[in-house]
Amino acid sequence: MPAPTRCARGLLAALVLAAAGCALRLGATAVTFETGALGAPFLALLLLAAAGCVLTAGAALVLSLRFTEGGTAVRTGALTVGWVTVLGSLAAFLTYDHVGAVGIGWGALVVALSGHRETRAWFERGRLLTP
């Protein structure tokens, strides 16, 4: 496995922990949230964001575990998770706090490393058939 591919896999594995932490933080905020005037829509947004973090963590976990198998579907999935991370972090950066800049850079690195020519060549290489 080439170095850019290993780095992309490591970033996806670390993204699992970060997205799970994000989901826990948003879930804890939703549990302690006081609903008052307009409280229900904000509670729904918190839970929706937490669900997005859980889905991102799950996808990143599955993809990081399947990196050794390769295939264009895994590389496309890694690119998709990277772009979702960029867009979600951009939304957090613009609306919530500036910690989202870390996620923007993180997702951009996953996209750049997954789109690298060595990574592309490794994922498109021939596979041995298993009996």
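All figures in this text were calculated on a predicted structure; none of them were measured in a lab.
Residue T68 comes nearest to W122 through the heavy atom pair O-CH2, 3.6 Å, listed as atom of the first residue, atom of the second, then distance. Looking at every heavy atom in both residues, S64 comes nearest to L12 through CB-CB, 4.0 Å. Annotation for T72 and E124: closest pair CG2-CG, 4.0 Å, computed over non-hydrogen atoms. The minimum heavy-atom distance linking G115 with L79 is given by the pair N-CD2, 4.0 Å.
To the nearest 0.5 Å, the span separating CZ on R75 from CZ on F123 amounts to 8.0 Å. Taking CZ from F93 and CG from L87, the interatomic distance works out to 14.5 Å, rounded to the nearest 0.5 Å. The CG atom of L63 sits 11.0 Å away from atom CD of E69, with the distance rounded to the nearest 0.5 Å.
Paired with T85 under the rule side-chain contact (heavy atoms from CB on, under 4.5 Å), one option of T80, L15, L90 passes, and it is L15.
Within the 4.5 Å cutoff, no side-chain heavy atoms of R120 are placed close to those of H116.
In the hydrophobic clustering of this structure, L65 does not group with F67; members are Ile, Leu, Val, Met, Phe, Trp, Tyr whose side-chain heavy atoms approach within less than 4.5 Å, directly or through other members.
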Taking only distance into account, with no hydrogens and no angle test, what donor-acceptor pairs under 3.5 Å do side-chain atoms of residues 101-114 form with protein atoms, sequence neighbours excluded?
residue, atom, partner, partner atom, Å
W106, NE1, L11, O, 3.2
S114, OG, V110, O, 2.8

Can you give the donor-acceptor pairs under 3.5 Å from side chains of residues 22-33 to other protein atoms, not counting sequence neighbours?
residue, atom, partner, partner atom, Å
T29, OG1, R25, O, 2.9
T32, OG1, A28, O, 3.1
T32, OG1, T29, O, 3.3

Worksheet item: Between T5 and E118, is a side-chain contact (heavy atoms from CB on, under 4.5 Å) present by the stated rule, with each step listed?
Response: CA-CA 8 Å; T5 310; E118 288 179 14; 5.7 Å; no

